[in-house]
Amino acid sequence: MRIAVVGSGGREHALLATLAQSPEVDRLFAVPGNAGTAEVAENVPGVGATDAAGLASFAEAKRVDLTIIGPEQPLVAGVADEFLDRGLPVFGPTAAAARIEGSKAFAKEVMAAAGVPTARSESFTDPAAAIAALDDFGPPWVVKADGLAAGKGVTVTGDHAAARAAVEAALVGKVHGEAGQTILLEEFLEGPEASVFAVTDGRTVLPLAPARDHKRVGDGDTGPNTGGMGAFSPLPDVDDDLVEEIRRTVLEPTVAELGRRGARYQGLLYAGLTLTPAGPRVLEFNCRFGDPETQVILPRMTSDLADLVWAAAEGTLSGCKVSWDPRAGVTVVLAAGGYPGSYRTGLEVEGLQAAAARPGIHLFHAGTALDPDGRVRTAGGRVLGVTALGDDLADARARAYQAAELVQFGGAHYRRDIAAPPP
Ligand code: AMP
Ligand code: GLY
């Protein structure tokens with residue numbers, strides 16, 4: 001099978017590295033990929049991730065059997081629709097189904113119709129109405145841009161003035177552009193978070209091993225939000241019974257409700273949940289694999305990923321099973337100095353071979369590129385994910401940090417408390 005993966009982050013490297021191990025796969029393409037994907041796939045520069053016609057034509061020209069779309073922007077923009085229109089197998093939902101991530105107000109409407117447990121919320125386009133409603137929701141306040149805002153659309157604050165400022169920034173200052181024309185005020189949910197991914201063909205919904213992301217830049221969940229600074233799996237507080245409950249009460253009803261609306265979902269549905277004392281509640285849905293959770297989940301998958309994504313795209317998922325390595329996984333993200341603010345690129349990354357040679361280590365490149373001399377240089381904010389498998393979380397954690405210390409580039413920083421037991 002020939003598979004193309006669209007995207008250039010750690011998630012895409014993890015997908016490609018896992019697919020490369022499948023006996024079903026004989027050729028892989030990364031569109032456009034990074035320095036790491038070049039080791040396991042052919043990098044394809046020059047086709048934009050949201051260039052639907054260009055991507056579909058590439059798949060036709062190279063006789064690609066299946067295309068996996070990594071990031072949300074192309075899915076929300078309708079890249080999968082172009083593939084389906086041309087009869088090309090694709091893993092990733094149509095624009096109508098990807099709206100579950102593309103519009104938080106739409107996601108709330110689907111959840112309400114499907115009876116899926118989530119935070120109470122209300123959407124607004126008028127700043128005065130939103131400000132007048134603040135007292136119905138907080139403190140603390142949760143203010144969210146409706147659309148895709150590159151991880152910067154959510155403000156959680158105990159400060160009334162800051163909540164008001166977030167409303168005005170979106171609705172008056174238009175800081176999120178079109179994505180913030182509508183905002184949501186949401187009930188604050190307290191509890192640990194969990195990311196539960198499910199592969200679906202629109203009928204069968206198959207959950208993957210749960211993981212937990214660490215979104216804040218600093219130790220102890222301090223500082224600004226990032227794309228994700230690390231992850232671990234499995235979760236001590238999410239057992240198989242709870243995953244089954246989440247499948248039954250969250251994932252399956254959502255896929256079924258989208259189907260009722262004519263938006264059949266094929267691909268990966270990501271539920272971001274808060275585990276409240278009253279049970280799991282949905283914080284958000286994403287229409288694609290999460291990053292960095294994918295980098296910790298896929299090394300634990302012992303069944304064939306190529307078979308799984310193929311079955312989802314072909315509508316033959318019923319009867320498929322996924323199996324897991326009982327070992328624990330921990331991923332530590334190495335970020336560029338200054339990230340999530342501004343940062344430099346083009347710095348040489350050293351120590352990759354030594355780190356990769358350690359037992360149980362998988363290195364997943366994110367913001368990296370090869371220079372003309374074949375050296376790996378930084379090219380983004382999140383540069384590298386170091387995943388370790390170990391006997392338990394403590395063992396995996398120790399291994400991940402031992403390997404992370406071997407990788408060097410100017411200004412590199414990472415959290416020291418990924419997968420650490422709560423204080
Ligand atoms: P989202 O992009 O919706 O996942 O939000 C980003 C982060 O903001 C989440 O991972 C949570 O940590 C936090 N957050 C979002 N919604 C809520 C909520 N209703 N209550 C508390 N925290 C939230
Ligand atoms: N891990 C957060 C995300 O992928 O959106």
Side-chain angles (χ1 to χ4, degrees), residues 7 9-12 14-15 69-73 75-76 98 100-108 111 117-123 136-158 163 166 170 176 179-180 183-197 208 210-218 220-233 268-276 278 280-298 331 333 335 340 364 366 381-382 385 415 418:
R11 161 184 54 207
E12 287 77 19
L15 285 163
I69 299 170
E72 62 276 18
Q73 295 87 352
L75 293 163
V76 171
I100 198 81
E101 175 167 1
S103 165
K104 290 179 189 288
F106 174 73
K108 288 287 183 188
M111 284 189 269
T118 184
R120 182 174 66 87
S121 79
E122 209 176 321
S123 56
D136 299 339
F137 284 91
W141 288 275
V142 180
V143 182
K144 296 187 174 184
D146 176 57
L148 295 184
K152 297 192 169 67
V154 179
T155 303
V156 180
T157 177
H176 310 298
I183 60 152
L184 279 76
L185 297 182
E186 199 169 280
E187 168 196 6
F188 177 81
L189 294 176
E190 188 136 37
E193 291 180 27
S195 303
V196 178
F197 300 172
L208 306 185
R212 179 161 297 142
D213 184 8
H214 294 66
K215 285 207 170 82
R216 303 282 189 132
V217 74
D221 288 331
T222 53
N225 261 326
T226 68
M229 293 297 289
F232 63 98
S233 172
L268 189 122
L269 180 62
Y270 165 146
L273 304 146
T274 300
L275 309 175
T276 76
R281 299 280 181 274
V282 175
L283 278 180
E284 62 162 348
F285 280 118
N286 294 320
C287 63
R288 35 89 195 161
F289 283 94
D291 190 327
E293 294 97 318
T294 302
Q295 292 92 304
V296 82
I297 290 173
L298 292 183
T331 300
V333 171
F364 297 123
R382 289 188 294 171
R415 277 181 65 159
I418 304 300

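Every number for a ligand or one of its atoms is a count from 1 in the order of the listing. For the numbers below, each heavy atom of this structure counts, side chains included, while hydrogens, waters and symmetry mates do not. Numbering of residues begins at 1 and proceeds along the displayed sequence.
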*If you count the atoms of ligand 2 from 1 in the order shown, which ones are under 4.0 Å from a heavy atom of Asp213?*
1 (N), 2 (C)
*Roughly how far, to the nearest 0.5 Å, is CZ of Phe188 from OG1 of Thr157?*
10.5 Å
*In ligand 2, which numbered atoms sit nearer than 4.0 Å to a non-hydrogen atom of Gly290?*
4 (O)
*Check whether any N or O atom of Lys215, backbone or side chain, sits under 3.5 Å from an N or O atom of ligand 2, and answer yes or no.*
no
*Of all the atoms in ligand 2, which lie at a distance below 4.0 Å from a heavy atom belonging to Asn286?*
5 (O)
*Polar atom proximity, Glu284 to ligand 2 (N or O, under 3.5 Å)*: no
*Enter the distance from Leu185:CG to Trp141:CH2 here, rounded to the nearest 0.5 Å.*
10.5 Å
*asked:* Let me confirm one number: the CE-CZ distance from Met229 to Arg382, rounded to the nearest 0.5 Å.
replied: 8.5 Å
_Partner residues of Gln73 under the side chain to side chain contact (heavy atoms under 4.5 Å, CB included) criterion, sequence neighbours left out_ = Thr50, Pro71, Leu148
*Heavy-atom cut-off of under 4.0 Å around ligand 1: list whichever protein residues fall inside it, by chain and number.*
Lys104, Val142, Lys144, Val154, Val156, Glu186, Glu187, Phe188, Leu189, Glu193, Lys215, Leu283, Glu284
*Distance (rounded to the nearest 0.5 Å) between Thr118 OG1 and Leu283 CG*: 7.5 Å
*atom 5 (O) of ligand 2: which protein heavy atom is closest, and how many Å away?*
Arg288 NH2, 3.0 Å
*Should the proximity of Glu293 to ligand 2, defined as any heavy atom under 4.0 Å, be assigned to the side chain, the backbone, both, or neither?*
side chain
*Taking only Lys NZ, Arg NE, NH1 and NH2, and the carboxylate oxygens of Asp or Glu, determine whether Lys108 and Glu186 approach each other closer than 4.0 Å.*
yes
_side-chain contact (heavy atoms from CB on, under 4.5 Å) partner of Arg288, chosen from Leu268, Leu75, Thr294_ = Leu75
_Modelled atom types, side-chain donor and acceptor of Ser195 and Glu293, under 3.5 Å_ = yes
*Please report which non-hydrogen protein atom sits nearest to atom 2 (C) of ligand 2, along with the residue it belongs to and the distance in Å to one decimal place.*
Tyr270 OH, 3.2 Å
_Reported CZ-to-CD distance for the pair Phe285 and Glu101, which is rounded to 0.5 angstrom_ = 11.5 Å
_side-chain contact (heavy atoms from CB on, under 4.5 Å), paired with Arg216, selected from Asn225, Thr222, Thr226_ = Asn225
